Every structure is written in structure tokens, then in C-alpha cells.
Undergrad: 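Starting off with a structure, shown below.
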Amino acid sequence: MITVSQTLEAIKDSSAEEVVSQCIERIENSKFNTFITVAKDSAPEAARKAEGHTGPLAGVPIAIKDNISTRGIQTTCASKILGGYVPPYDAHVIERLKAAGAIIVGKVNMDEFAMGTSTESSYYGPTLNPWDPERVPGGSSGGSAATVAAGEVPLSLGSDTGGSVRCPASFCGVVGLKPTYGVISRYGLISYANSLEQIGPIASNVGDMTLLFNVIAGHDPRDSTSVAGEKDYTKALVNDVKGLTIGVPKEYFGEGIDQAVEKSVWDGVHRLEDLGASWQEVEMPHTKYALAAYYVIAMSEASSNLARFDGMRYGLRLEKDHDWHTTYSEIRAQGFGEEVKRRILLGTYALSAGYMDKYYIKALKVRTLIRQDFERALKDTDVLIAPTMPTPAFKLSEKISDPLTLYMADVNTVPINLAGVPSVSLPCGFSDGLPIGLQIMGKHFDEETVIRTAYTFEQNTDFHTKAPEVV
Amino acid sequence: MREGSLKLRPYLDEVGVMIGLEIHVQLNKLNTKIFCGCPLDYHDDEPNTHTCPVCLGLPGSLPVINRKSVEYSIKVGLALNCTIEEHTQFYRKNYYYPDLPKGFQITQYDYPIASNGYINIEGEDGEIRIRINRAHMEEDPGRLVHEGGSIERSKHTLIDYNRSGVALLEIVTEPDIRSPKEARRFLDKLRNILGYLDVVDTTLEGSMRVDANISLSGGSRSEVKNISSHKGAERALLFEIVRQKNLLRRGGKVVQETRHFDEARGVTVSLRTKEEAHDYRYFPEADLGPIKVADWAPGIKATLPELPDARRERFVSLYGITDDHAKSLTSEKQVADFYEEVVIKCSNYYKPDESIDDYIQLDIAHFAAVWIADELKGQLNFRNLNIDSFKVKDMVSLIKLIHENKITEQSGKEVIRTILDDGGSPDEVVAAKGLLKAGGDIVTTAVKEVIAENPQAVEDYRSGKQEAVNFLMGQVMKKTRGRAGAKEVREMIIQRI
């Protein structure tokens with residue numbers, strides 16, 4: 001894997017253009033189907049212009065998940081329905097990246113409209129896990145995690161609605177953060193479930209992840225849910241957890257958890273204990289309802305968020321014109337994949353008259369209870385630690401035909417989105433050569449403690465130094 | 001609901017007409033749209049030139065509330081005697097239509113900005129109260145342009161998103177209206193109030209769009225959509241009453257349905273029945289949090305202008321004019337402003353140094369009311385003109401001319417008509433048409449001469465023959481060649497003999 005400091009060194013030794021060109025070459029030769037669109041022309045040109053740029057990411061290549069709007073670069077959400085759509089504007093995070101000197105090298109693969117845990121629902125085919133090409137990279141930000149793991153780029157952006165940054169970070173052995181809801185502007189992020197999701201930074205180590213997070217976080221008046229205030233998160237990169245209290249929710253080590261995963265995470269907790277932290281078990285009794293509540297809310301919101309894709313103004317078009325009713329139906333029948341259709345239908349059902357109270361309203365109540373679980377658990381503790389995923393990466397096609405089993409894999413990631421708290425996933429061990437991820441959750445807007453804990457763990461372990469052999 | 005405090009109609013007429021209105025008011029005096037910064041001055045521009053990712057509903061765009069639109073809506077709510085709740089919330093109304101770029105409309109559902117208000121109007125038998133159920137904010141969709149005219153005939157439809165995202169306030173009444181005429185009066189009154197609040201330019205096309213719900217004798221109601229004028233509302237409702245009456249007379253049944261008003265033909269046609277009704281799947285818009293508005297209301301209330309009813313009362317008490325005149329003058333803000341300016345300017349002219357308490361000359365105020373409410377408004381209505389067509393300073397000059405007896409009332413009316421038709425100022429018209437009355441001293445001299453020259457007639461009058469005055473008046477008129485006011489001549493003669 002490549003770090004930002006290595007990249008900056010390389011730029012100093014040669015040029016940003018040279019570094020970006022090499023990066024694009026790696027991407028084009030990728031064996032893992034990481035990218036949907038490569039910015040072959042615009043990236044080297046941007047790199048040329050970035051010479052002399054003094055921003056913290058001057059000349060550094062970055063891969064962007066294909067649901068984040070990039071002016072002039074096709075943005076498809078890995079869906080046929082958005083084929084050919086080139087946004088006329090940049091997302092807030094893209095503006096901030098450009099201001100920091102970063103070079104957008106292209107758009108990475110994902111589950112269609114971020115709906116999935118394996119990146120297998122992409123219209124552009126699955127991304128492969130660089131640690132084992134027969135396995136999934138996780139999802140939905142599979143391309144974002146895999147391209148960093150494969151050493152193609154040092155940084156990438158993903159988005160996390162129910163674990164979509166942390167799951168692939170875990171499966172690909174990289175670091176990914178789901179920030180507190182509201183810390184990063186969603187302006188330009190194509191909504192799947194807008195009350196749950198945040199854009200998240202992915203990197204090969206905690207320091208780089210934090211550097212990227214620092215660039216993209218901050219207030220944006222164009223997103224009403226964006227909170228005011230700027231912080232310097234790099235100040236949290238402190239190798240010290242003395243006095244830190246860790247909560248370990250036993251509900252996150254439930255049925256179906258892989259023994260190697262359980263052991264690695266506990267080893268991680270004990271490692272932090274050795275470094276001066278203390279830990280205690282905490283109860284989060286409503287965790288078992290999180291998955292159901294999450295899927296009801298996410299699908300309900302999706303059914304509305306995806307209504308705008310009708311082929312009238314952008315994206316897929318039909319050969320022949322019909323009346324608008326027929327055209328809408330045809331476009332949506334042809335343009336959406338199976339999983340997207342499933343979620344739109346279920347979400348529409350959950351919001352329908354007569355069913356709304358039973359499903360959507362009830363799910364909102366569960367959401368409140370989950371949030372209260374977190375507030376209670378974090379009252380006497382500083383962070384919570386749990387496995388990101390119950391297992392290491394599973395095989396391609398293993399679960400895609402069984403949606404329910406696939407949904408179950410999100411059991412440890414979705415509560416975090418329901419509560420809106422921050423959570424970082426970072427490598428904490430390996431099982432049969434596959435990385436295992438540990439997630440550190442914190443209080444609302446307390447990314448600093450999450451980052452400090454992750455950084456201390458990383459500084460005192462060597463999991464992040466391992467990389468897959470990609471030749 | 002506050003049933004107890006309401007003065008409702010004591011009876012329903014024989015067909016039991018119940019009408020409720022939903023009025024979409026475009027808050028077009030805002031500078032920008034409701035959820036983005038696009039300007040509203042698109043009326044003379046090319047289609048799709050006042051758009052951005054937000055109002056085009058491009059993927060990834062997010063709405064941000066225009067705070068001024070909330071202020072304006074609270075202003076209207078307060079003016080309609082509504083309650084402003086602790087907080088207000090936006091919802092998504094999900095349905096597909098080509099003018100709706102997101103596939104849902106951001107609107108309000110639970111927690112509307114204003115609820116439980118009322119407007120008093122002149123009913124079929126005295127003043128009645130029409131209750132307002134609620135007023136809620138929402139975004140206007142784009143505009144469909146059916147190439148080649150109507151929906152039925154056009155081969156394709158173009159969409160103009162300039163209108164997409166303009167702030168709307170939908171005002172929903174209770175079914176308290178009992179006749180098409182009352183509906184029209186309600187709409188007129190509402191427009192008047194909105195004019196006073198300065199939140200909507202009602203002269204712009206589509207600035208007030210009406211849907212009407214109507215039922216007879218407690219039967220099913222039909223909802224008539226696409227009514228674009230107050231006159232249209234009256235016509236559409238009349239048509240519906242006749243249609244429903246005839247249906248019932250023939251033993252048919254009114255079904256709950258949505259009907260479309262064809263303005264050109266003056267008829268309503270069925271769009272969809274209840275069975276085909278949409279399930280809009282309203283749910284909270286998470287991209288816009290709840291807005292705490294409780295703290296806003298008192299400040300906005302303090303800035304609320306004087307409203308028509310209050311102004312009407314003030315006109316009666318301050319200017320001593322009749323309630324009918326006050327009502328007529330205040331039924332349009334511009335007319336009321338015009339009136340007050342005229343009164344003040346005239347008063348200023350006659351008594352420039354008086355303290356403010358004695359400032360208003362009641363005789364002038366009454367005089368101006370008569371000339372503006374009765375004469376000028378009548379002439380304007382006849383010509384379909386508004387008050388802007390007549391200058392305040394011309395009315396001031398005209399009132400001075402009449403008040404000082406320089407021209408007759410008949411001539412005053414001619415001056416108004418001439419100015420409206422051909423332009424010019426009162427002085428110019430008077431000069432051009434030779435309308436100036438004989439000067440006061442000329443009349444006085446004539447009266448003195450006539451009295452001296454006709455002792456017999458004077459004697460006759462003194463001994464009780466009233467008609468002798470008429471003879472003397474005729475003599476004065478002869479001497480002044482008709483430029484003297486008959487009434488004042490009569491008074492002058494009686495005074496002197």
C-alpha cells in the first residue's frame with residue numbers, strides 16, 4: 001500500500017504529473033476491477049496545474065466513490081440508469097479536495113446506489129478483494145477500499161449508510177471512518193438513505209485517514225444537516241490511551257461470529273489495556289432490532305431518493321419515445337438492478353398507507369432506542385470497541401443470491417448509522433491471510449477520541465504494515 | 001378546532017352547498033426560490049434559465065430553507081389569525097410527474113407553519129367567518145408546456161423548470177363557504193390581505209391558484225383543480241352545483257373524484273376517482289430538520305402592517321367617513337394608500353401649521369372619500385384600470401377645485417373621465433374645456449345685483465312664497481352664464497334676503 005508521505009516524497013523527487021500518471025497506469029492495469037471511470041485526461045492536467053500548490057494534499061491522487069458528484073467526470077452510482085451522466089457541479093468534499101491540491105484520478109466501483117455489502121451488485125461487475133481475488137472486497141464502497149489495499153492510490157473516499165465504508169475497510173485491511181452524521185457535507189453525495197449516510201475517508205493508515213478527514217470535514221451551508229465549526233483533527237494523532245475507558249458491547253459478539261474475529265478484537269482490547277486503557281462490558285440491549293430498523297428506514301428513504309431517476313433529464317434513454325408513464329416504467333425497469341428494485345419496492349411498501357405505522361414509524365422508534373443505547377453505553381466509557389464485521393471477507397457469489405444472509409452481515413455496522421455516532425474500522429488481525437477489522441465507536445462529534453484510540457493501537461501493532469501481494 | 005368561538009352560518013340553503021378552498025399562493029416577492037438561490041425574476045426570460053442543481057433535482061443536490069420564505073409564511077399565518085406552532089417540519093410527498101424533477105415534492109404535512117385561523121367576509125346574509133384549517137409551505141413544480149395547445153392535442157410536452165422551487169403557501173379553508181359568490185368574496189379578501197402584507201404580487205400569472213372542494217346536501221365531494229382566477233372559481237363552482245344537482249335529480253350519485261376546470265369552456269371534467277387516488281407516502285424530509293419558529297412569531301407580529309379590517313375601522317373613526325366608503329377604500333391596499341395620501345396632502349394644504357391632532361380636515365376626508373370611492377373607483381372599474389392610472393396630485397388638485405367651488409361637481413366627473421381617457425392634469429382639462437366656474441366675487445356681485453333689481457321677488461319670498469327663490473336663482477345663473485353652483489347660489493340668496 002502507498003502512504004501519503006511516500007506520495008509527497010515521490011512528487012518532490014519527480015513531479016505531481018509523473019506520480020499521477022504512474023497512478024493511472026496502475027489503475028488501468030488493475031486486476032481487481034476497482035474503477036468505473038478513470039480520469040485519464042483531466043487528472044494529469046490537474047496534476048500539472050497543481051505544481052507549486054501548497055495544500056496538504058498537493059498532487060496526491062485520490063479515488064472517489066462513484067456516488068459522489070464530480071464536475072466533468074461521469075458519475076454513475078454503478079448503475080445502468082446513470083450511464084453517461086456527467087455532473088455539472090462538484091460535491092462539497094470534491095471542492096475541498098481540489099482546494100487542498102488533491103488530484104481526482106477517477107471514480108471507483110461500488111454496489112449499485114450503495115446498496116450492498118459486497119460490491120457485487122454493481123452494473124460494472126464486482127470488484128475483487130486484493131487479498132484474495134476470489135473473495136468480495138466488502139461493500140458498498142468496495143472499489144474505494146480495494147484500490148487503496150491494492151496500492152493503486154494512497155487515498156479514497158467512500159460513503160457509509162449502514163457500514164459501507166467500514167465493511168470494505170475491514171475486508172480489505174485498510175482504515176475507514178464513518179464520521180458523526182453532520183460532520184461532512186453530503187452536498188453532491190447521491191442519496192441512498194439520507195438520514196443515515198456520511199461520506200467517509202479511506203487510507204492505508206490512521207494518520208493518512210485523519211489527514212484526508214481533516215480536509216473534507218467542515219461546515220457547508222448547502223447541507224442543512226451540516227454542523228458548524230472547524231477542527232484540526234490531526235491534533236488527535238496522539239500515541240496515548242492512558243486513562244481511556246473502553247466499553248465492549250457483548251451484543252456485538254453474537255451468534256455467527258467467526259472465532260478468529262472474536263479473538264483478534266479481544267486481543268486488540270487487551271493491547272489497549274496494556275497501553276494504559278481500561279475496559280468494561282457494556283449492554284446495548286436493542287442491538288438485535290437494529291438490522292430490521294435499519295433496512296426499513298434505509299429502504300423507505302431509498303424509495304423516495306431514487307424516484308428522480310426517470311430518464312427524462314439525464315442518464316439512460318430509451319430508443320423510442322413513449323408517453324411519460326411508459327417511459328418512466330421502461331427506464332426504471334431497464335436501468336435499475338435487482339437489489340435496487342427490491343429495496344425500492346420494499347421501501348415503497350413500508351411507507352404505504354396502512355403499513356407506515358407498522359414499519360416505518362416503528363423503525364424510527366427503534367432508532368431512538370438504539371441511540372439511547374449508545375448514549376447510555378458511552379456515559380461511563382470513552383469509546384466502544386467491537387468487530388466491524390462478524391467474519392472476514394466471504395467468497396464471491398457466496399451470499400449474493402440470498403439477500404437476507406447478506407443483510408445479516410451488516411449486524412455490527414448499522415447500529416452506528418442509526419445512532420449517528422462516529423466509528424472507525426482498522427485492521428486488528430488476520431485469519432487465513434484475510435484481514436480482520438476492529439471498529440472503534442465514539443460519542444457524537446468526538447472523532448478526536450476515536451482517532452486517538454485508533455492511532456495508538458496502530459502505533460503499537462503492525463497489522464497496517466501488511467499488504468496483499470498484488471503482482 | 002375552536003368551534004365555540006365561531007359564528008357559523010345558521011342555515012344551509014335547500015341544496016346544502018359546502019365549499020372548501022385550497023389556495024396556492026406563490027411567495028413571488030421573495031428574491032430567491034424556497035430551497036436554492038435561484039432568482040425569481042424569470043417571467044420575461046427563456047425557459048430553464050433560472051435553475052441550478054437544487055431546483056433541477058440533480059442527483060446529490062440538497063435543499064436549504066429560504067428563511068425569508070418562512071418569515072413571509074408566518075406573516076400570512078398571523079394575518080389570517082392562525083396559530084404558529086412551536087416548530088414546523090417539511091415532508092416529502094411522493095408521486096411521479098414530469099414537472100416534478102425529484103419524484104417527490106417537498107411540502108408540509110404534520111406541523112404546518114400555521115393552523116386554525118379565519119377570515120371574515122361579507123356573506124350572503126351579513127358578515128360571516130370562514131375558518132382556515134391550515135397554511136403550509138411547499139415548492140412549486142416546473143411548468144409543462146404542451147406544444148400545440150391542450151394536453152389532448154399536443155404531440156409532445158416541454159418542461160420549463162424556471163418555476164420549479166418557487167415558494168408556495170397553500171392555504172386550506174374549512175368547508176364554511178356556502179355559495180360561489182362567497183367563494184369569490186373570500187378569494188378577493190384573501191388577495192387583499194396578501195396585498196397588504198406585500199408578500200405576493202398577485203398580478204403575475206399563476207400567483208394564486210385555487211382548488212375547490214364542493215359537495216351538496218352532505219354528499220360526496222368533488223375537487224375541482226386548475227382554477228386560475230377568482231371569476232373562474234365562481235364559474236367552476238356554479239357549474240359544479242348545477243352538475244351535481246342535475247345528477248341527484250336524475251337519481252344519480254355524486255362520486256368522490258378530482259375534476260379539472262376547463263376555463264375556456266367553463267366546464268369541469270373528471271380527472272380521477274377516489275379509487276385511483278394517489279398514496280403520497282408522506283414522510284419527514286430528513287434533509288431539512290425541524291425549524292423552531294415559536295421565537296420568530298412575536299417579532300414578525302410586531303412588524304405586521306395594518307390589515308384591511310383594522311384599516312377600515314380606523315378610516316371610520318379617524319376620518320369620520322361611512323363604513324361603506326371605508327370598506328370600499330380599504331378593499332385594495334393601493335386605493336387605501338391613495339386615499340390617505342390625498343387626505344393628508346389636502347389637509348396639509350388647507351392647514352399646514354396645525355398640530356397633528358387637528359391635522360385631518362374631516363370635511364376634506366369625507367369629500368375625498370366620495371370622490372375616490374364612488375367616482376374614481378367607478379370610472380377605473382369601468383375601464384378595467386387600477387389606481388396607478390390616476391395620480392395622487394391630480395386628485396388633490398381636483399378636490400381643491402371642487403372644494404373651492406371653482407368647478408361644479410358635474411365638471412369634476414368630466415375631469416376624471418377626461419384624464420383617464422386622454423391624459424392631462426385637472427388644470428389643463430379645466431382650461432381646455434372651459435369648466436371654470438364663475439369666480440366667487442362675480443357670483444356675489446351677481447347675487448347682490450339680482451336682489452337689488454328684483455324687489456318684488458324678494459318681497460314674495462319674505463311673505464312665504466318659496467318658489468320666488470327659483471326665479472332669483474335663474475337671474476343669477478343668467479348673469480354668470482351658468483358657471484355658478486346652483487346650491488350655493490340658493491344659499492347666498494336666502495342668506496341675504
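The sequence lines fix the lettering, A, B, ..., with proteins before strands; numbering per chain opens at 1. Source: prediction; values computed, not measured.
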Undergrad: Spell out, as yes or no, whether a donor-acceptor pair under 3.5 Å connects the side chain of Ser61(B) to the backbone of Tyr187(A).
TA: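 No, the answer is negative, given that no donor and acceptor are paired below the 3.5 Å cut-off.
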Undergrad: Report the option among Thr348(A), Asn67(A), Thr75(A) that has the most heavy-atom pairs separated by less than 4.5 Å from atoms of chain B.
TA: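 Looking at each of Thr348(A), Asn67(A), Thr75(A) in turn, Thr348(A) comes out on top.
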Undergrad: Kindly state each residue pair satisfying side-chain hydrogen bond (donor to acceptor under 3.5 Å, both in side chains) with at least one member in residues 300-311 of chain A, sequence neighbours excluded.
TA: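 Matches after skipping sequence neighbours: Asn194(A)-Asn305(A), Ser195(A)-Glu301(A), Ser304(A)-Arg92(B), Ser304(A)-Asn94(B), Asn305(A)-Arg92(B), Asp310(A)-Arg313(A), Asp310(A)-Tyr328(A).
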Undergrad: Where along residues 314-326 of chain A does a heavy atom come under 4.5 Å of chain B, listed by residue number?
TA: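 Within residues 314-326 of chain A, the residues that come under 4.5 Å of chain B (heavy atoms only) are Tyr314(A), Trp324(A).
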Undergrad: Of all of Ala307(A), Pro221(A), Ser69(A), Cys77(A), which one pairs up most often with chain B through heavy atoms under 4.5 Å apart?
TA: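 Most heavy-atom pairs within the cutoff with chain B belong to Ala307(A).
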Undergrad: Examine whether an atom of Ser352(A) lies under 4.5 Å from a heavy atom of chain B, and if so say whether it belongs to the side chain, the backbone or both; otherwise answer neither.
TA: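 Both parts, backbone and side chain.
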Undergrad: To the nearest 0.5 Å, how far apart are CG in Leu100(B) and CE in Met312(A)?
TA: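 Rounded to the nearest 0.5 Å, the CG-CE separation comes to 11.5 Å.
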Undergrad: Rounded to the nearest 0.5 Å, what separates atom CG in Asp287(B) from atom OG in Ser224(A)?
TA: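 Atom-to-atom, Asp287(B):CG and Ser224(A):OG are 7.5 Å apart.
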Undergrad: Walk me through it: do Tyr96(B) and Arg332(A) pass the test side-chain hydrogen bond (donor to acceptor under 3.5 Å, both in side chains)?
TA: CA-CA 12 Å; Tyr96(B) 292 103; Arg332(A) 291 169 72 81; 2.9 Å; yes
Undergrad: For Arg221(B), does the CZ atom sit with more than 12 other heavy atoms under 6.0 Å from it, leaving out its own atoms?
TA: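 Not more than 12 within 6.0 Å, no.
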Undergrad: What part of Pro53(B) is in contact with chain A, defined as an atom under 4.5 angstrom from a non-hydrogen atom: side chain, backbone, both or neither?
TA: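 Contact with chain A: side chain only.
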Undergrad: Grab the two heavy atoms, one from Tyr85(A) and one from Pro59(B), that are nearest each other, plus how far apart they are.
TA: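 Minimum heavy-atom separation between Tyr85(A) and Pro59(B): OH-CD, 3.6 Å.
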Undergrad: For the OH atom of Tyr280(B) and the CG atom of Leu351(A), what is their distance to the nearest 0.5 Å?
TA: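 If I round to the nearest 0.5 Å, the distance is 15.5 Å.
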Undergrad: Would you please go through residues 355-369 of chain A and name the residues with a non-hydrogen atom below 4.5 Å from one of chain B, in numerical order?
TA: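 The residues closer than 4.5 Å to chain B, in numerical order, are Met356(A), Tyr360(A).
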Undergrad: Return yes when atom NZ of Lys68(B) has more than 12 non-hydrogen atoms of other residues, nucleotides or ligands closer than 6.0 Å, and no otherwise.
TA: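 For Lys68(B), atom NZ is not crowded (no more than 12 foreign heavy atoms under 6.0 Å).
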Undergrad: Does OH in Tyr123(A) sit with more than 12 non-hydrogen atoms of other residues, nucleotides or ligands closer than 6.0 Å?
TA: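 No, OH of Tyr123(A) has 12 or fewer neighbouring heavy atoms, counting only those of other groups under 6.0 Å.
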Undergrad: Between atom CZ of Arg186(A) and atom CG of Leu62(B), what is the distance when rounded to the nearest 0.5 Å?
TA: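 Spacing of CZ (Arg186(A)) from CG (Leu62(B)) equals 5.0 Å.
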Undergrad: Under 4.5 Å, counting heavy-atom pairs only, tell me which of Pro63(B), Ala286(B), Cys52(B), Pro98(B) racks up the most with chain A.
TA: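 Answer, by heavy-atom pair count under 4.5 Å with chain A: Pro98(B).
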Undergrad: Quick check on the structure: residues of residues 87-94 of chain A within a heavy-atom distance below 4.5 Å of chain B, by number.
TA: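 Listed by number, the contacting residues are Pro88(A), Tyr89(A).
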Undergrad: Should the heavy atoms of other residues, nucleotides or ligands under 6.0 Å from OH of Tyr109(B) be counted, would the total exceed 12?
TA: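 Not buried by this count: 12 neighbours or fewer within 6.0 Å.
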Undergrad: Check the surroundings of atom CG in Asp110(B): do more than 12 heavy atoms from other residues, nucleotides or ligands lie under 6.0 Å from it?
TA: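 Result for CG/Asp110(B): enclosed.
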Undergrad: Counting heavy-atom pairs under 4.5 Å to chain B, which of Thr327(A), Ile190(A), Leu306(A), Thr225(A) comes out on top?
TA: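 Highest number of heavy-atom pairs under 4.5 Å: Ile190(A).
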Undergrad: Less than 4.5 Å to any heavy atom of chain A: does that hold for the side chain of Phe35(B), its backbone, both, or neither?
TA: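 Contact with chain A is absent: no heavy atom of Phe35(B) under 4.5 Å.
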